[in-house]
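A short worksheet on the structure shown next.
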Amino acid sequence: MRDAQTLVLVGALLWLALVINVAVLPTNILVSSLYAVPVLVAAIRLRPRVVAVVGLLAILCYLTSAQVQERPLAARAFALLSLLTIGFLAVMLSEQRGQTVERAQEAEEALRLRDRFLSIAAHELRTPLTILKGSTQLLGQTAGGDRSGRLADTIGRQVGRMERLVEDMLDVSRIQAGGLRVEMRPFELRAAVEESLDETALTAPGAELCLEAGPEVWASGDRVRIQQVIGNLLRNAVQYSGGPAHVRVQVWREGDRAVVEVADRGIGIPREELPLVFEPHVRGANAPDDRGGGLGLGLFISRGIAEAHGGEILVDSEEESGSTFRLHLPLTLSTGPATMPPHVNTDLT
Ligand code: ADP
């Protein structure tokens, strides 16, 4: 359809060039350059062979009109040479454009295949991991406190980590397929945040995690999914602390939104990378490689979950000063007056 429209346009431009050449400017020798216009338009949209045909037609039109107007041979030769050069360049341009489009399609297909493979692999890994987890727990219970007990603990921890990676991969494919489902139910946000903080504290014994809690805030959403987001923000705040972690969490109500803010004083995110950190598989240039396990999926999934709730996540950060992530969620209808956070920072992007 697009090709047909372009052909009509090219035909009209060729016709216009001929009319101007014959009827409007019959003596102007520069009028031959008008024939280059349809050739260049063809090069932008059409295949190389069609561009070559348009080029030949343009030359034919010019030579016929030059014959009728009895133009000097030198002028004809000059115009012919110019049109041939332009035609050649137009064919090359069209060829390169075609190759670029082909490469982009191949890259898109490769990405699609990768995502499909990851999704299938994650599904397939789920069952053996569940069995492995159950067996390890059984082993841990029967092994007692000796060396085999410690080994069972280590295997259990690693299986847990693999399980989280697999769940992350499945969440990514759900989000990319637009199929992340959340059940909207009222829940008290402050208590959910407290639970997430307790869980994070277990895995980060040296971290200073403080909750500046106000009154209760009733949000609407999937409590488990929201805790997944908060847990991820807290884990990141600890992992990217660049030393002893100091993390401050606040929960408050703002207009028709519930807000959770997680602020740290860690390594921060370079300003130019801020718009990218929510993209899948993106890790900051300053993110240490030695922490292991990071696939750069956590923030992508967190944003997907927030958006599935009709909410959003905003971030503000400065390298070497720290980061502030803010999760906005819809409130339940029967909520009280707005509350304010103890510390207000409005500079979130
Ligand atoms: P991962 O932590 O697995 O790399 P995420 O999607 O959770 O994946 O984070 C993406 C990137 O964003 C991280 O690699 C890191 O560079 C940056 N980032 C996220 N949270 C923070 C934070 N609190 N402080 C500094 N950098 C962060």
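As the structure lists them, so they are numbered: ligands from 1, and atoms in each ligand from 1.
- Within ligand 1, counting atoms from 1 as listed, the ones closer than 4.0 Å to a heavy atom of Leu297 are 6 (O), 8 (O).
- Of the N and O atoms on the side chains of Glu273 and Asn286, not one donor lies less than 3.5 Å from an acceptor on the other residue.
- Under 4.0 Å is where a charged nitrogen must lie from a carboxylate oxygen, and between Arg164 and Glu167 no such pair does.
- For Met184, the CE atom sits in a packed shell: over 12 heavy atoms of surrounding residues, nucleotides or ligands are nearer than 6.0 Å.
- When non-hydrogen atoms are compared, ligand 1 lies under 4.0 Å from neither the backbone nor the side chain of Leu233.
- Not one N or O of Asn286 is nearer than 3.5 Å to an N or O of ligand 1, by distance alone.
- Of the residues listed (Val229, Leu180, Val182), the one engaging His309 in a side-chain contact (heavy atoms from CB on, under 4.5 Å) is Val182, and it is the only one.
- Side-chain contact annotation: Trp252 with Gln250, donor-acceptor N/O pair under 3.5 Å absent.
- Proximity to Val282 (heavy-atom distance under 4.0 Å) selects the following atoms of ligand 1: 10 (C), 11 (C).
- Without hydrogens or angle criteria, Thr332 side chain to Trp218 main chain gives a donor-acceptor distance under 3.5 Å.
- Interface atoms of ligand 1 facing Gly298, defined by a heavy-atom separation under 4.0 Å, are 5 (P), 6 (O), 7 (O), 8 (O).
- Less than 4.0 angstrom separates some heavy atom of Val277 from each of these atoms of ligand 1: 12 (O).
- Put simply, the side chain of Arg326 never gets that close to the backbone of Glu312: no donor and acceptor are under 3.5 Å apart.
- Using a 4.0 Å cut-off between a side-chain N of Lys or Arg and a carboxylate O of Asp or Glu, Arg248 and Glu261 qualify as a salt bridge.
- The shell of residues lying under 4.0 angstrom from ligand 1, judged by heavy atoms, includes Phe325.
- Not close to ligand 1: Gly266, with no non-hydrogen atom less than 4.0 angstrom away.
- Near Leu295, with a cut-off below 4.0 Å to any heavy atom, the atoms of ligand 1 are 3 (O).
- Each of the following atoms of ligand 1 lies closer than 4.0 Å to a heavy atom of Ala287: 14 (O), 16 (O).
- Heavy-atom contacts of Ile269 reach the following atoms of ligand 1: 18 (N), 25 (C), 26 (N), 27 (C) (cutoff under 4.0 Å).
- Close N/O approach between Leu299 and ligand 1 is found [any backbone or side-chain N/O within under 3.5 Å].
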